[in-house]
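Note that these values count all heavy atoms, side chains included, but never hydrogens, waters or copies made by symmetry.
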Amino acid sequence: MTARLDSLPPVTVAQRAALLAGPRTAGVHRALMAEVPAMAAVETGGTASVETLPAVLSVVAWNLERCLFPEDSAAHLERFAPDLLLLSEMDHGMARTGQRHTTAEMARALGMTYAYGVEFFEMGLGGPTERPFCTDDFNRLGWHGNAILSRVPMRAVTLIRLDDHGHWYSAAAGADPEQPRLGGRMALAAVVETAAGPLCVVSTHLESNADAAHRSRQMAVLLDGAEAFAPGLPVLIGGDLNTGNHLPPDFDWRRETLFAEAEARGYHWDFTAEGMTTRPSLITPHPERVMKLDWFAGRGLSPLEGAVVSSLDAAGRPLSDHDAVWCRARMG
């Protein structure tokens with residue numbers, strides 16, 4: 001069961017010491033995950049502006065790369081009048097983003113409710129390109145995760161863990177020594193009311209530091225979790241699926257098997273506009289890569305139109321190393 005909380009309990013001093021002491025194994029990681037309540041909880045807040053969404057929905061999925069600029073990022077999306085936002089890489093209490101709760105700030109700016117789930121507890125200050133942005137030499141909370149923003153109250157929410165073996169904690173799993181973390185990739189799901197009935201929406205982020213088979217397994221876990229959470233409901237999944245990542249030399253998204261995994265369950269990908277979705281940014285460690293990472297998959301809805309939305313603001317400043325993806329979809 002996923003606890004629904006007004007705020008996430010912080011990692012204690014003793015828990016952080018245990019994380020730093022190790023050993024960095026999958027077994028230790030799983031044990032420590034079980035001791036941190038926020039790893040099995042969802043924080044909810046914000047204010048709804050309506051009680052029911054229309055049958056035709058405006059939805060944005062965006063990896064905000066830590067969310068350095070929450071208010072500006074919110075303003076960047078206003079022209080789409082989004083009913084739902086599916087966000088990933090959202091900081092909460094991190095020095096590199098001014099210790100802010102970036103999800104709550106975006107929800108406040110847009111007049112929306114939010115659900116926030118922890119992907120990682122960051123044990124350090126982030127990667128080398130991020131540390132110049134740190135306002136302190138400590139993280140107040142150290143949370144990094146996914147979020148859903150909605151114009152309506154969320155009837156139910158859940159967190160779906162996609163792995164627990166410590167991909168970013170254990171050296172044997174390929175952890176990045178620059179970014180030691182507790183946690184793992186996850187999905188956040190919510191049920192919202194529309195004029196055509198309830199809808200399950202899912203914000204997710206699949207593994208970048210892995211191959212296609214690994215991401216396909218994560219997709220299977222996600223789809224199983226969504227069906228268990230909202231059996232028989234229409235579902236719209238959006239997020240950074242990291243398609244093509246770690247598949248050199250061409251990083252070709254068409255080599256992924258997760259697409260077929262979802263199609264076999266009745267999902268289709270026509271909600272996603274054509275075009276690459278990455279760009280150089282203020283902190284990306286890989287400015288040279290151009291990839292198509294961000295997608296929508298839906299079941300029980302019809303796609304009407306879509307676009308890849310540049311993350312460059314009016315001054316030409318990149319708000320993220322990902323462009324957003326937008327779709328208009330009709331229930332039924």
Side-chain angles (χ1 to χ4, degrees), residues 1-4 26 29-30 33-34 36 38-42 44 59 61 63 84 86-88 115-120 145-148 150 154-168 173 182-192 197-243 245-246 253 255-272 293-301 329 331:
M1 293 290 292
T2 299
R4 185 169 178 169
H29 183 268
R30 290 186 177 102
M33 285 277 287
V36 176
M39 290 296 172
V42 175
T44 57
V59 186
N63 178 326
L84 297 157
L86 309 176
L87 305 177
S88 51
Y116 178 79
V118 173
E119 183 175 62
F120 296 113
N146 294 353
I148 298 172
S150 169
M154 298 179 208
R155 193 174 80 185
V157 296
T158 196
L159 187 152
I160 304 167
R161 286 265 162 221
L162 305 181
D163 62 58
D164 65 357
H165 62 278
H167 206 84
W168 291 75
L182 174 74
R185 303 302 182 179
M186 43 79 77
L188 192 62
V191 174
V192 294
L199 166 70
C200 175
V201 291
V202 182
S203 173
T204 195
H205 191 194
L206 303 189
E207 185 54 62
S208 57
N209 188 25
D211 59 14
H214 187 100
R215 284 187 286 271
S216 188
R217 289 192 295 271
Q218 289 187 325
M219 178 59 74
V221 173
L222 187 161
L223 297 174
D224 288 343
E227 183 59 30
F229 170 63
L233 289 189
V235 180
L236 184 63
I237 300 166
D240 174 5
L241 306 188
N242 271 303
T243 41
N245 226 328
H246 242 63
W253 58 267
R255 293 162 59 195
E256 297 281 349
T257 54
L258 63 86
F259 297 110
E261 178 71 40
E263 288 163 4
R265 314 272 195 111
Y267 287 82
H268 59 103
W269 301 89
D270 298 341
F271 301 87
T272 311
L293 304 183
D294 305 274
W295 298 84
F296 289 110
R299 181 190 73 185
L301 300 93
M331 291 282 287

> Show your reasoning for whether side-chain contact (heavy atoms from CB on, under 4.5 Å) applies to M33 and R161.
CA-CA 11 Å; M33 285 277 287; R161 286 265 162 221; 3.8 Å; yes
> Can we call the ring centroids of H214 and H246 under 6.0 Å apart?
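Centroid distance H214-H246: not below 6.0 Å, so no.
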> Which atom pair, heavy atoms only, marks the closest approach of M154 to A190?
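Distance-wise, the nearest heavy atoms are SD-CB, 3.8 Å.
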> Grab the two heavy atoms, one from A212 and one from T257, that are nearest each other, plus how far apart they are.
O-OG1, 3.8 Å
> Of all the heavy-atom pairs spanning L236 and L199, show the shortest one and how long it is.
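Result for this residue pair: N-CD1, 4.2 Å.
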> Can you find a heavy atom in the side chain of W269 that is under 4.5 Å from one in the side chain of E263?
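Answer yes - side chains close enough.
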> Could you give the distance from OG1 (T44) to CZ (R4), rounded to the nearest 0.5 Å?
4.5 Å
> For W168 versus S208, what's the shortest heavy-atom pair and its separation?
CZ2-OG, 3.9 Å
> May I ask you to test the R30-H165 pair for a side-chain heavy-atom distance under 4.5 Å?
yes
> Nearest heavy-atom pair of A147 and Y116: which atoms, and what distance?
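Closest approach of A147 to Y116: CB-CD1, 4.2 Å.
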> Rounded to the nearest 0.5 Å, what's the gap from CZ on F259 to CE on M219? Could you check?
8.0 Å
> Run the numbers on N245 and R215 for side-chain contact (heavy atoms from CB on, under 4.5 Å), then give the verdict.
CA-CA 10 Å; N245 226 328; R215 284 187 286 271; 4.1 Å; yes
> About how many Å separate CZ of R265 and CG of L223, when rounded to the nearest 0.5 Å?
5.0 Å
> Under the 3.5 angstrom rule, does the side chain of H167 hit a backbone N or O of N209 as a donor-acceptor pair?
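Answer holds: yes.
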> How close do A115 and V42 get, heavy atom to heavy atom, and via which atoms?
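Nearest pair, atom of A115 first, then V42: CB-CG1, 3.8 Å.
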> Are L241 and W253 side-chain neighbours, meaning at least one heavy-atom pair lies under 4.5 Å?
no
> In a check of side-chain contact (heavy atoms from CB on, under 4.5 Å) between F271 and each of L301, I237, V59, which one passes?
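Testing F271 for a side-chain contact (heavy atoms from CB on, under 4.5 Å) against L301, I237, V59 leaves exactly one candidate, L301.
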> Going by salt bridge (charged side-chain N to carboxylate O under 4.0 Å, His left out), name the pairs with one or both residues in residues 203-212, residues two or more places apart or in two chains.
R185-E207
> Mind checking whether D294 and N63 have side chains closer than 4.5 Å, heavy atoms only?
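Yes, their side chains come closer than 4.5 Å.
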> Nearest 0.5 Å, what's the CG-CH2 distance between N242 and W295?
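The distance works out to 12.5 Å.
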> Nearest 0.5 angstrom please: I148 CD1 to S203 OG, how far?
6.0 Å
> Using 0.5 Å steps for rounding, measure from the CG atom of L162 to the CE atom of M186.
8.0 Å
